[in-house]
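To start, the structure itself, in structure tokens.
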Amino acid sequence: MNVFQYFAANSAQIINLTVQHAQFVLYCVATGSIISIVLGLIVSTGEPNPRRFSFDWWATGVREGSLLVTAAVLTVPSLALFVLFLPITGLGTTTAIIVLTIYTLYTVLRNTVAGLTAVDRSVLESARGLGYGRVRRLLTIQLPLAWPVILNGIRVTTLISISIAVVASIVQGPGLGKLLLTGITRIGAANAFPQVLIGTVMCLVVAAVYEIVFAIVSRLTIPRGIRV
């Protein structure tokens with residue numbers, strides 16, 4: 001069968017795998033983004049030059065340590081990290097979700113920290129003069145101003161996760177990786193090329209859908225004056 005014939009004969013399975021892939025990425029990115037944003041909010045509330053052993057001093061240390069660790073994890077080949085978790089969580093969706101969620105942390109955390117710390121200090125000082133406490137300044141001033149940068153980090157990590165999620169099939173994870181892995185391991189055999197090509201194209205479709213979603217979210221959540 002050629003590519004079109006293969007798609008027509010297996011359209012239900014292909015669409016099911018595509019939906020699985022999109023849901024898998026959504027779950028992991030959402031979980032990783034929540035973790036990263038909460039951590040970023042906790043460690044980015046301090047002063048630029050905190051006193052030694054103050055809360056802000058410790059927060060700065062945690063922030064730099066978190067960025068260092070998550071950046072180091074990001075350099076580990078995805079195939080290796082999936083395999084390393086096998087003795088702990090075994091084959092299946094659990095391992096796939098844990099590893100992909102770990103890969104989403106760095107980009108969102110980095111953008112969260114960058115966005116929050118880039119807010120003009122004079123704006124924060126003015127808010128302090130108006131009686132805004134630390135938490136109120138963080139939630140009503142810093143977070144809204146940093147949101148465009150944070151959202152861009154979530155968008156980037158989503159697109160990266162779409163490709164990494166394919167590797168999850170090596171541990172029997174969900175999604176289009178099953179189709180791609182089957183085609184790659186059977187390369188040269190009947191229908192192997194259509195499987196690889198269709199799996200690749202459907203990953204691009206998932207990425208395009210997410211791009212549209214992020215464009216809509218950006219329009220709805222970011223005021224025109226601070227869009228980047």
Side-chain angles (χ1 to χ4, degrees), residues 25-76 78 81 99-130 132-165 207 210-228:
V25 171
L26 175 62
Y27 184 84
C28 294
V29 170
T31 304
S33 296
I34 291 171
I35 294 171
S36 297
I37 293 172
V38 170
L39 180 59
L41 289 171
I42 293 173
V43 300
S44 300
T45 60
E47 302 298 328
N49 297 301
R51 291 182 294 104
R52 185 179 290 252
F53 300 121
S54 64
F55 171 81
D56 296 327
W57 186 82
W58 287 107
T60 301
V62 173
R63 179 181 68 205
E64 297 305 317
S66 300
L67 289 171
L68 180 63
V69 171
T70 53
V73 171
L74 196 63
T75 64
V76 178
S78 55
L81 195 58
V99 174
L100 188 59
T101 300
I102 290 173
Y103 273 110
T104 67
L105 296 176
Y106 175 74
T107 305
V108 181
L109 179 60
R110 186 73 179 179
N111 279 43
T112 300
V113 170
L116 291 173
T117 55
V119 176
D120 194 330
R121 301 303 302 180
S122 62
V123 174
L124 299 180
E125 289 300 324
S126 298
R128 178 181 293 176
L130 293 172
Y132 281 51
R134 179 196 298 270
V135 176
R136 190 179 179 189
R137 290 199 308 271
L138 181 67
L139 297 179
T140 62
I141 297 176
Q142 286 179 273
L143 184 57
L145 291 175
W147 177 242
V149 180
I150 297 172
L151 184 61
N152 189 55
I154 298 173
R155 171 182 164 272
V156 170
T157 202
T158 299
L159 298 179
I160 294 172
S161 298
I162 290 171
S163 60
I164 296 177
Y210 273 117
E211 281 284 84
I212 295 171
V213 170
F214 278 109
I216 295 171
V217 172
S218 176
R219 281 280 180 177
L220 294 176
T221 62
I222 300 176
R224 181 179 299 177
I226 61 172
R227 284 178 191 160
V228 294

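Worth knowing before you read on, the calculation uses all heavy atoms, side chains too, and leaves out hydrogens, waters and symmetry mates. All values derive from a computational prediction rather than experimental measurement.
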A side-chain contact here means heavy atoms from C-beta on lying under 4.5 Å apart; do [X] and [Y] qualify?
X	Y	answer
Thr117	Arg63	yes
Trp147	Ile150	yes
Leu81	Val73	yes

Heavy atoms only: give me the nearest [X]-[Y] pair and the separation to one decimal.
X	Y	value
Gly115	Ala146	C-CB, 3.3 Å
Thr112	Leu41	CG2-N, 4.5 Å
Ala127	Ile141	CB-CD1, 3.2 Å
Leu105	Ser36	O-OG, 3.1 Å
Pro144	Leu139	CD-O, 3.4 Å
Ala207	Ile162	CA-CD1, 3.5 Å

For the [atom1] atom of [X] and the [atom2] atom of [Y], what is their distance to the nearest 0.5 Å?
X	Y	atom1	atom2	value
Ser33	Leu151	OG	CG	9.5 Å
Leu143	Leu116	CG	CG	6.5 Å
Leu109	Leu39	CG	CG	5.5 Å
Leu159	Ile164	CG	CD1	11.0 Å
Thr158	Leu26	OG1	CG	8.0 Å
Ile154	Thr104	CD1	OG1	9.5 Å

Under the side chain to side chain donor-acceptor pair (under 3.5 Å) rule, collect the residues that match up with Glu211, sequence neighbours excluded.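 In terms of side chain to side chain donor-acceptor pair (under 3.5 Å), with neighbours along the sequence ignored, Glu211 is linked to Arg155.
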Under 3.5 Å, is there a donor-acceptor pair between the side chain of Ser218 and the main chain of Phe214?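 Not at all, since once roles are kept as given, no pair shorter than 3.5 Å links the two residues.
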Please evaluate residues Thr157 and Tyr103 with respect to the criterion side chain to side chain contact (heavy atoms under 4.5 Å, CB included), reporting the C-alpha separation (whole Å), side-chain torsions for both, the decisive distance (0.1 Å), and the verdict. CA-CA 8 Å; Thr157 202; Tyr103 273 110; over 6 Å; no
